[in-house]
Visitor: 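Shown below is the structure under consideration.
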Protein chains: 2
Amino acid sequence: MFSIGKLSGSTGVKVPTIRYYEQIGILEEPDRSEGGQRVYGEEAKERLSFIRHARELGFSLDEIRELLDLADDPNQNCMAAYEIAKRQLIEVRNRIARLTALQGELQRMLDQCSCNTIGTCRIIQVLSDHSLCTSEHLGTEAGCKAS
Amino acid sequence: MFSIGKLSGSTGVKVPTIRYYEQIGILEEPDRSEGGQRVYGEEAKERLSFIRHARELGFSLDEIRELLDLADDPNQNCMAAYEIAKRQLIEVRNRIARLTALQGELQRMLDQCSCNTIGTCRIIQVLSDHSLCTSEHLGTEAGCKAS
DNA sequence: CTTGAACCTCTAGCGACTAGAGGAAGTAGA
DNA sequence: TCTACTTCCTCTAGTCGCTAGAGGTTCAAG
């Protein structure tokens, strides 16, 4: 029996995030104390740990929803879970490939910079002109900042 | 002299995105035709190409704003641009490292799955229990889908 | 002159949270 | 028991970089 704060502490998921998960329906509404505060049991903790771990492995909340449904029905064949994980692996591989191309391009840009004035700056030049790039880093990876 | 559609076609940046860039102020407000439609010149095209290329290389719009300011002032030393690019390279490297750990974990998960019923499914088990993982994939990379 | 494509502004939505306001409940020490 | 302090509650709005859609106007070709 723990409060939302204890649950947060023991799973590493922040308090507002737990409430958000409840709101979007991937975490059950817990019991409440007399005063209306959330009270969780062991089950909720396990479910939340599952969610956290799957998030760390890059699964989307929609995929996690699917995986949780599968986990709740222990007689089902796990082929579906396999497919979800496989899709995720392919996605991760693609992201690595795109990022590796970016890395090469950035490295080249930096190597060629001799830090004179902007007028001759290699970095600005390369950014202005894609044809100076060696690889096709047509990443849609862009703007994807790790939080 | 091109319309927003032509500009879009020649740079590969979608029309609403161009308007969005104008709205947030990284693209100048262009002249307008008599009827009030946007009319662009060569300069805008170059600037937009610069932005697009930098986005492909993973720079945020804030970083691009900085880079554009630098590019506009050709007498400045390019050390600042160097720093921005270097930061980006480090970021990309970190992302690759995190994703590589994820990749290993996902691969292991899939390798061990023999696709019986969920009750014994390795994928569900691993997701439930982080200690079954070999590496520390503490990725905050999660949920970052390439668009 | 008409048709139809391309343009306009505006608002709302995506995913997965995060931040903050304004107030109520729980808890530890005096 | 009182007080102080932390934790909790709900609600709304913001983050990033767009994307989608409504409802209307302008432009260019035939």
Side-chain angles (χ1 to χ4, degrees), chain A residues 1-27 29-40 44 48 51-66 68 88 91 95 139-147, chain B residues 1-27 29-40 44 48 51-66 68 88 91 95 139-147:
Chain A
M1 293 300 180
F2 3 76
S3 68
I4 197 168
K6 305 274 182 247
L7 184 66
S8 170
S10 69
T11 57
V13 180
K14 286 177 193 158
V15 169
T17 305
I18 296 173
R19 285 196 280 249
Y20 170 72
Y21 286 167
E22 181 186 326
Q23 190 195 310
I24 63 166
I26 65 170
L27 214 53
E29 291 186 23
D31 293 338
R32 299 285 181 136
S33 72
E34 297 227 335
Q37 301 198 351
R38 289 170 180 81
V39 179
Y40 296 93
L48 189 54
I51 295 168
R52 193 206 164 180
H53 194 196
R55 287 293 298 128
E56 280 173 6
L57 287 170
F59 292 93
S60 72
L61 289 176
D62 266 352
E63 286 166 334
I64 291 171
R65 217 188 293 264
E66 282 185 75
L68 283 167
Q88 180 59 18
E91 179 66 31
R95 292 218 316 253
T140 41
E141 195 62 36
C144 158
K145 293 280 179 194
S147 54
Chain B
M1 294 301 183
F2 2 76
S3 68
I4 197 168
K6 305 275 182 245
L7 183 65
S8 169
S10 68
T11 58
V13 179
K14 287 180 192 155
V15 168
T17 304
I18 296 172
R19 285 196 281 248
Y20 170 72
Y21 286 165
E22 181 186 326
Q23 189 195 310
I24 63 167
I26 63 171
L27 214 52
E29 292 187 22
D31 294 337
R32 299 284 182 137
S33 71
E34 297 230 333
Q37 303 198 350
R38 290 170 179 80
V39 180
Y40 297 92
L48 190 54
I51 295 169
R52 194 207 165 180
H53 194 196
R55 288 291 300 128
E56 281 173 5
L57 288 170
F59 292 94
S60 72
L61 289 176
D62 266 353
E63 285 166 334
I64 291 171
R65 215 188 294 265
E66 282 184 75
L68 283 168
Q88 179 60 19
E91 178 67 30
R95 292 220 313 256
T140 40
E141 194 63 35
C144 158
K145 295 278 178 195
S147 53

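Here is the naming used below: chain letters follow the sequence lines, and residue numbers restart at 1 for every chain. In this text, all values refer to a predicted model and were calculated from it rather than measured experimentally.
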Visitor: Is the backbone N or O of B:Ser3 less than 3.5 Å from a side-chain atom of B:Gln37, with the two atoms forming a donor-acceptor pair by type?
Guide: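 No.
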Visitor: Counting just side-chain N and O atoms, does B:Ser60 come under 4.0 Å of either OP1 or OP2 of D:dC16?
Guide: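 Answer is no, no contact under 4.0 Å.
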Visitor: Please tabulate, for the side chains in residues 16-25 of chain A, all donor-acceptor contacts under 3.5 angstrom to protein atoms that are two or more places apart in sequence or on a different chain.
Guide:
{"residue": "A:Glu22", "atom": "OE1", "partner": "A:Arg38", "partner atom": "NE", "Å": "2.7"}

Visitor: Rounded to whole angstroms, how far apart are CZ on B:Arg55 and P on D:dC16?
Guide: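 Rounded to the whole Å, the gap is 12 Å.
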Visitor: Measure CD/B:Glu22 against P/C:dT9 and give the value in whole Å, please.
Guide: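 After rounding, the reported distance stands at 7 Å.
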Visitor: Without decimals, in angstroms, what is the distance between B:Ile51 CD1 and D:dG17 P?
Guide: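 Result: 12 Å.
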Visitor: Between C:dA16 atom P and A:Leu27 atom CG, what is the distance in whole Å?
Guide: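 Value for this atom pair: 15 Å.
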Visitor: Would you say a side-chain N or O of B:Lys14 is under 4.0 Å from OP1 or OP2 of D:dC18?
Guide: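 Indeed not, no polar side-chain atom of B:Lys14 lies that close.
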Visitor: Might you point out which heavy atoms bring B:Arg32 and B:Val39 nearest each other, and give the distance in Å?
Guide: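 For B:Arg32 and B:Val39, the tightest heavy-atom pair comes out as C-CG2, 4.1 Å.
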Visitor: Side-chain contact test, heavy atoms from C-beta onward, threshold under 4.5 Å: evaluate it for B:Ile51 versus B:Leu68 and give yes or no.
Guide: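 Yes, side chains in contact.
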Visitor: Please report the distance, rounded to the nearest Å, between CD1 in B:Ile64 and C1' in D:dC16.
Guide: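 Nearest whole value for this atom pair: 12 Å.
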Visitor: Just how far, in rounded Å, is C1' of D:dC18 from CD of B:Glu56?
Guide: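 Those two atoms, CD and C1', are 15 Å apart.
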Visitor: On DNA chain D, check which nucleotide each of B:Gly35 and B:Leu61 is closest to and give me the residue with the more 5' one.
Guide: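 With B:Gly35 and B:Leu61 compared, the 5'-side residue is B:Leu61.
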Visitor: Could I get the full list of salt bridge (Lys or Arg N to Asp or Glu O under 4.0 Å) partners for A:Asp62, not counting sequence neighbours?
Guide: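 Partners of A:Asp62 under the salt bridge (Lys or Arg N to Asp or Glu O under 4.0 Å) test: A:Arg65.
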Visitor: Check the distance between C:dG15's C1' and A:Ile24's CD1 and give it to me in whole angstrom.
Guide: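 Going from CD1 in A:Ile24 over to C1' in C:dG15 covers 9 Å.
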Visitor: For A:Gly5 versus A:Val15, what's the shortest heavy-atom pair and its separation?
Guide: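 Residues A:Gly5 and A:Val15, closest heavy atoms: CA-CG2, 4.2 Å.
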Visitor: May I ask you to evaluate whether B:Tyr21 reaches the phosphate of D:dC18, defined as a side-chain N or O under 4.0 Å from OP1 or OP2?
Guide: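 Yes, such a contact exists.
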Visitor: Once side chain to side chain contact (heavy atoms under 4.5 Å, CB included) is applied, do any residues pair with B:Ser10, and if so which ones, sequence neighbours excluded?
Guide: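 Residues passing side chain to side chain contact (heavy atoms under 4.5 Å, CB included) with B:Ser10: B:Lys45.
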Visitor: Below 4.0 angstrom from OP1 or OP2 of D:dG17, is there any side-chain N or O of B:Thr17?
Guide: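 Answer is no, no contact under 4.0 Å.
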Visitor: Could you state the CZ-C1' distance from B:Phe2 to D:dC27, rounded to the nearest angstrom?
Guide: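 The answer, rounded to whole Å, is 18 Å.
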Visitor: Output one letter per nucleotide in nucleotides 6-12 of chain D: B when a protein non-hydrogen atom lies under 4.0 Å from the base, S when only the sugar-phosphate is that close, - when neither is.
Guide: --SSB--
Visitor: What nucleotide, of D:dC27, C:dC17, D:dC18, holds the atom closest to the side chain of B:Tyr20?
Guide: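 Selected nucleotide: D:dC18.
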